[in-house]
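The residues of the chain are indexed from 1 along the displayed sequence. Because the structure is a prediction, the values reported are computed rather than measured.
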Amino acid sequence: MTQYPMTAKGAEMLREELQHLKSVKRPQIIKSIAEAREHGDLKENAEYHAAREQQSFCEGRIQDIEGKLSNIQIIDVTKMTNNGKVIFGATVTILNLNNDEEITYKIVGEDEADIKNNLISYGSPIARGLIGKSIDDIVNIQTPKGSIEFEISAVEYI
């Protein structure tokens with residue numbers, strides 16, 4: 001059985017999405033299907049087919065979330081002692097040695113990843129290059145733009 005590492009916040013977000021899908025989205029779709037059926041011939045009823053497609057997507061997402069929630073491994077780094085090592089759930093500030101640009105990332109599970117909010121998946125090239133390293137270590141990370149040298153300037157367990 002596959003374990004899905006996830007932060008406590010990520011698990012809570014999945015639970016909220018599941019609750020929304022079951023209590024809000026699913027009833028809306030059922031209502032849409034019922035209204036579309038009232039319009040008559042289902043073979044040529046685009047509203048009916050669109051609602052059924054939405055229902056299929058919603059039910060698939062519900063199953064996906066339930067499966068992941070049953071196999072999650074919640075990792076709460078706030079309860080761990082910070083030894084300066086980059087681990088899953090850590091917030092890492094790195095300095096690009098090529099252009100002196102500093103950026104902070106939080107290493108999270110796949111479902112939580114959002115690059116716009118600096119949340120990167122533990123499976124991403126940057127996270128894989130950082131995990132296991134410590135403050136002041138210099139790491140070479142292969143990116144689509146080529147190999148880039150970073151220095152780890154801070155590791156926080158928040």
Side-chain angles (χ1 to χ4, degrees), residues 1-83 85-94 103-134 139 141-146 148 150 152 154-158:
M1 201 178 302
T2 304
Q3 289 276 314
Y4 296 98
M6 193 172 291
T7 64
K9 183 178 180 185
E12 184 57 34
M13 287 173 38
L14 270 185
R15 286 187 191 100
E16 287 172 7
E17 182 183 353
L18 181 63
Q19 179 63 30
H20 175 77
L21 287 172
K22 284 183 168 182
S23 64
V24 177
K25 195 75 173 162
R26 187 186 267 168
Q28 286 175 346
I29 293 169
I30 291 170
K31 184 179 176 190
S32 295
I33 291 172
E35 287 174 4
R37 277 190 175 146
E38 291 173 4
H39 293 126
D41 188 12
L42 297 181
K43 282 189 239 173
E44 296 178 13
N45 189 331
E47 290 174 9
Y48 174 77
H49 293 291
R52 291 290 300 197
E53 192 172 305
Q54 272 187 321
Q55 182 184 38
S56 175
F57 176 77
C58 181
E59 294 302 321
R61 182 66 182 149
I62 287 171
Q63 284 182 337
D64 184 44
I65 293 172
E66 286 176 339
K68 285 182 179 175
L69 287 175
S70 68
N71 294 317
I72 61 173
Q73 176 185 8
I74 296 177
I75 299 171
D76 189 359
V77 294
T78 60
K79 296 177 180 170
M80 297 179 185
T81 304
N82 186 344
N83 58 5
K85 203 171 208 76
V86 179
I87 59 171
F88 179 91
T91 302
V92 185
T93 303
I94 55 176
I103 190 157
T104 301
Y105 291 116
K106 182 172 180 103
I107 300 172
V108 296
E110 291 173 359
D111 290 301
E112 304 169 76
D114 181 5
I115 193 65
K116 291 178 185 169
N117 292 316
N118 292 345
L119 301 172
I120 59 172
S121 167
Y122 68 94
S124 70
I126 293 175
R128 285 196 320 259
L130 295 173
I131 290 176
K133 304 295 189 280
S134 300
V139 292
I141 297 176
Q142 192 64 35
T143 67
K145 294 180 182 178
I148 300 177
F150 293 100
I152 301 171
V155 178
E156 300 172 280
Y157 292 1
I158 52 176

Chemist: Work out which heavy atom in Gly129 is nearest to a heavy atom in Val139; give both atom names and the distance.
Modeler: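 In this case the closest contact between Gly129 and Val139 is O-CG1, 3.8 Å.
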Chemist: Would Tyr4 and Leu69 count as a side chain to side chain contact (heavy atoms under 4.5 Å, CB included) here? Give the steps.
Modeler: CA-CA 8 Å; Tyr4 296 98; Leu69 287 175; over 6 Å; no
Chemist: Is there a side chain to side chain contact (heavy atoms under 4.5 Å, CB included) between Glu66 and Lys22? Walk through the geometry before answering.
Modeler: CA-CA 11 Å; Glu66 286 176 339; Lys22 284 183 168 182; 2.6 Å; yes
Chemist: Just to verify, what does Phe88 make a ring-ring contact (aromatic ring centres under 6.0 Å, His included) with, not counting sequence neighbours?
Modeler: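 So Phe88 forms a ring-ring contact (aromatic ring centres under 6.0 Å, His included) with Tyr122.
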Chemist: Mind listing the closest non-hydrogen atom pair of Ala11 and Ile74 along with its distance?
Modeler: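 Between these two residues, the closest heavy atoms are CB-CD1, 3.8 Å.
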Chemist: Does Thr104 offer a backbone N or O that forms a donor-acceptor pair with the side chain of Asn118 under 3.5 Å?
Modeler: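 Checked: pair present.
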Chemist: Between Met6 and Glu112, is any pair of side-chain heavy atoms under 4.5 Å apart?
Modeler: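 Contact flag for Met6/Glu112 side chains = yes.
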Chemist: How close do Ile75 and Pro5 get, counting heavy atoms only, and between which atoms?
Modeler: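 In terms of heavy atoms, the two residues are closest at CD1-CB, 4.0 Å.
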Chemist: So, the side chain of Lys106 versus the backbone of Ile158: is there a donor-acceptor pair under 3.5 Å, distance only?
Modeler: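 Yes: the side chain of Lys106 pairs with the backbone of Ile158.
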Chemist: Can you tell me how far CD1 of Ile33 sits from CD of Glu47, rounded to the nearest 0.5 angstrom?
Modeler: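 Taking CD in Glu47 and CD1 in Ile33, the distance rounds to 12.0 Å.
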Chemist: Do the side chains of Glu17 and His20 get nearer than 4.5 Å, heavy atoms only?
Modeler: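 No, every pair of side-chain atoms sits at 4.5 Å or beyond.
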Chemist: Could you list all the side-chain hydrogen bond (donor to acceptor under 3.5 Å, both in side chains) pairs where at least one residue sits in residues 27-38, not counting sequence neighbours?
Modeler: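 Counting only pairs at least two positions apart or across chains, no side-chain hydrogen bond (donor to acceptor under 3.5 Å, both in side chains) contact touches residues 27-38.
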Chemist: Looking at every non-hydrogen atom in both residues, tell me the closest pair between Ala36 and Asn45 and how far apart they are.
Modeler: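 Minimum heavy-atom contact is O-ND2, 2.6 Å.
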Chemist: Main chain of Leu119, side chain of Asn117: is a donor-acceptor contact present, judged purely on distance under 3.5 Å?
Modeler: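 No, the answer is negative, given that no donor and acceptor are paired below the 3.5 Å cut-off.
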Chemist: Looking only at non-hydrogen atoms, find the nearest pair between Gln3 and Ile72 and report the distance.
Modeler: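 For Gln3 and Ile72, the tightest heavy-atom pair comes out as OE1-O, 3.8 Å.
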Chemist: Could you grab the distance from atom CE of Met80 to atom NZ of Lys85, nearest 0.5 Å is fine?
Modeler: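 Reported to 0.5 Å precision, the distance equals 13.5 Å.
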Chemist: Rounded to the nearest 0.5 Å, what separation is found between the CG atom of Asp111 and the CG atom of Asp64?
Modeler: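 Asp111 atom CG to Asp64 atom CG measures 7.0 Å (nearest 0.5 Å).
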Chemist: Looking at Glu16, I want to see if its CD is surrounded by more than 12 non-hydrogen atoms of other residues, nucleotides or ligands under 6.0 Å.
Modeler: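 Enclosed.
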Chemist: For residues Val108 and Asp114, determine if any side-chain heavy atom of one lies less than 4.5 Å from a side-chain heavy atom of the other.
Modeler: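 The answer is no, as the side chains (C-beta and beyond) never meet within the 4.5 Å cut-off.
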Chemist: Of all residues at least two apart in sequence or in a different chain, which pass the side-chain hydrogen bond (donor to acceptor under 3.5 Å, both in side chains) check with Arg26?
Modeler: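 Once residues adjacent in sequence are excluded, the partners of Arg26 under the side-chain hydrogen bond (donor to acceptor under 3.5 Å, both in side chains) criterion are Glu59.
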Chemist: To the nearest 0.5 Å, what is the distance between NZ on Lys68 and CG on Leu14?
Modeler: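 Taking NZ in Lys68 and CG in Leu14, the distance rounds to 7.5 Å.
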Chemist: Looking at Ile62 and Leu21, what are the two nearest heavy atoms and their distance?
Modeler: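 Heavy atoms only, the tightest pair is CG1-CB, 3.8 Å.
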Chemist: What's the separation between atom OG1 in Thr91 and atom OH in Tyr157, rounded to the nearest 0.5 Å?
Modeler: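 Between Thr91 OG1 and Tyr157 OH, I get 10.5 Å after rounding to 0.5 Å.
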Chemist: Working to the nearest 0.5 angstrom, can you tell me the gap between Ile107 CD1 and Thr7 OG1?
Modeler: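 The OG1 atom of Thr7 is 12.0 Å from CD1 of Ile107, to the nearest 0.5 Å.
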Chemist: Got more than 12 heavy atoms from elsewhere within 6.0 Å of NZ, Lys9?
Modeler: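 Not more than 12 within 6.0 Å, no.
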